[in-house]
Amino acid sequence: MGMVLSAATIGEYDKRIVLLTKERGRISAFARGARRPKSPLSASTEPFTFGEFFIYCGRDSYTIEQVEVKNFFPELRKDLDNLYMALYFCEVADYFTREGMEAKAELNLLYLSLRALTAPSLPRTLVRYIYEFRILSIEGEAPRIFECMHCGGTDSLHHFYVSEAGIVCDSCHDGRSGMEISETTVYTLQRIVSSPLERLYTFTVGENVQKELERVVGRYFSAHTDKNFQSLSMF
């Protein structure tokens, strides 16, 4: 079970695709003859194709023999901004996953995030911040956000400060470092990390909270990635 993250042409008729799979993580595979007009692999090896891939494991490479498509997200191609955001999500999934390491959580998150992009009630930028922060959590890179990293306090306070490793409460803040964020933003970050995946995209936030999410998530995501994602240049 997997999703096509990217596809490239090889020779006159073949494709090389990068596939995120539940069982084997991120793998590269060849689709022989996929560029021929009547090939059954032509449409099923395009980015965002989700389904069951029947793959032959050769000595040095994988070869796709058949695909049972479950979803190929045609709605994403109707809006350029959604299309580029979806390509960005695929780039991020490619960055964080590796071959031979199970990627069930990453695959499920990617699938639900692509679905969320087409939801009319959700701002595209909010979907992005949720996706970025949740994948940091899956990879063990998210900051401590359920308690003050100094005193361990969990009481409801009016203000928190985001440090390099987590949140700091009013009482422990030294007055010099950290980014001040509201209690609502802290709760939103906690919800992003702890919600079941099927409930991840079932809420919206106000403009002020979204701006704080942009600052906080952007800061942490940049700190834990060392790549310039090409899809972002399209925005």
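Residue-environment remark: CZ (R24) stays at or below the threshold of 12 foreign heavy atoms within 6.0 Å. Annotation for Y201: atom OH counts as buried by contact number, over 12 foreign heavy atoms lying within 6.0 Å. In K227, the NZ atom is crowded: over 12 heavy atoms of neighbouring residues, nucleotides or ligands sit closer than 6.0 Å. Within 6.0 Å of the CZ atom in R144, the count of heavy atoms belonging to other residues, nucleotides or ligands exceeds 12. Counting non-hydrogen atoms of other residues, nucleotides and ligands closer than 6.0 Å to CZ of F203 gives a total above 12. When the shell of 6.0 Å around CD of E198 is examined, it contains more than 12 heavy atoms from other residues, nucleotides or ligands. In the displayed structure, E139 atom CD is contacted under 6.0 Å by more than 12 heavy atoms of other residues, nucleotides or ligands.
In this structure, Y131 and L110 have side chains that are in contact, with non-hydrogen atoms separated by less than 4.5 Å. Residues D94 and L20 have side chains not in contact (no heavy-atom distance under 4.5 Å, counting atoms from C-beta outward). V216 has its side chain within reach of M179: a pair of non-hydrogen atoms, C-beta onward, lies under 4.5 Å apart. Between F73 and M3 there is a side-chain heavy-atom pair separated by less than 4.5 Å. Under the 4.5 Å side-chain criterion, counting only non-hydrogen atoms from C-beta, L117 is not in contact with D79. Side-chain atoms of I17 and T49, non-hydrogen and from C-beta on, never get closer than 4.5 Å to each other. Taking 4.5 Å as the limit, some side-chain heavy atom of F146 sits within range of a side-chain heavy atom of V193. F72 places none of its side-chain heavy atoms less than 4.5 Å from the side chain of V4.
Across every non-hydrogen atom of A105 and L197, the tightest pair is O-CD1, 4.2 Å. For G2 against L19, the heavy-atom pair with the smallest separation is C-CD1, 4.2 Å. Looking at every heavy atom in both residues, I145 comes nearest to V186 through O-CG1, 3.9 Å. Nearest heavy-atom pair across Q230 and S233 is O-OG, 2.6 Å. In terms of heavy-atom proximity, G166 sits nearest to P143 at CA-CB, 3.7 Å. In this structure, V168 and M149 approach most closely via the heavy-atom pair CG2-CG, 3.9 Å.
Looking only at atom types and distance, the side chain of E91 has a donor-acceptor partner in the side chain of S231 under 3.5 Å away. Side chain to side chain, E75 and T118 fail the donor-acceptor criterion of an N or O pair below 3.5 Å. In summary, the side chains of S42 and S39 do not present any donor paired with an acceptor at a separation below 3.5 Å, with no hydrogens or angles considered.
Ring geometry for Y95 against F229 counts as perpendicular: the plane angle is over 60°, on a 0 to 90° scale with 30° as the lower cut.
Within the 3.5 Å criterion, the main-chain N or O of S182 finds a donor-acceptor partner in the side chain of E212. No donor-acceptor distance shorter than 3.5 angstrom exists from the side chain of R215 to the backbone of I181, with no hydrogens or angles considered.
To the nearest 0.5 Å, atoms CG (L136) and CD1 (I192) are separated by 10.5 Å. If you take OG1 on T185 and CD on Q190, they are separated by 11.0 Å, rounding to the nearest 0.5 Å.
Judged by the 6.0 Å and 45° rule, R128 forms a cation-pi pair with Y88.
In terms of hydrophobic clustering, with Ile, Leu, Val, Met, Phe, Trp and Tyr side chains grouped at heavy-atom distances under 4.5 Å, F96 and F133 are assigned to a common cluster.
We find that E46 and K15 are joined by a salt bridge, their nearest charged nitrogen and carboxylate oxygen being less than 4.0 Å apart.
If you chain together ILVMFWY residues whose side-chain heavy atoms come under 4.5 Å of each other, Y56 ends up in a group of its own.
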With a 3.5 Å cut-off and sequence neighbours excluded, list the donor-acceptor pairs that the side chains of residues 27-38 form with protein atoms.
from, atom 1, to, atom 2, distance (Å)
S28, OG, R16, NH2, 2.9
R35, NH1, G11, O, 3.3
R35, NH1, E12, O, 2.9

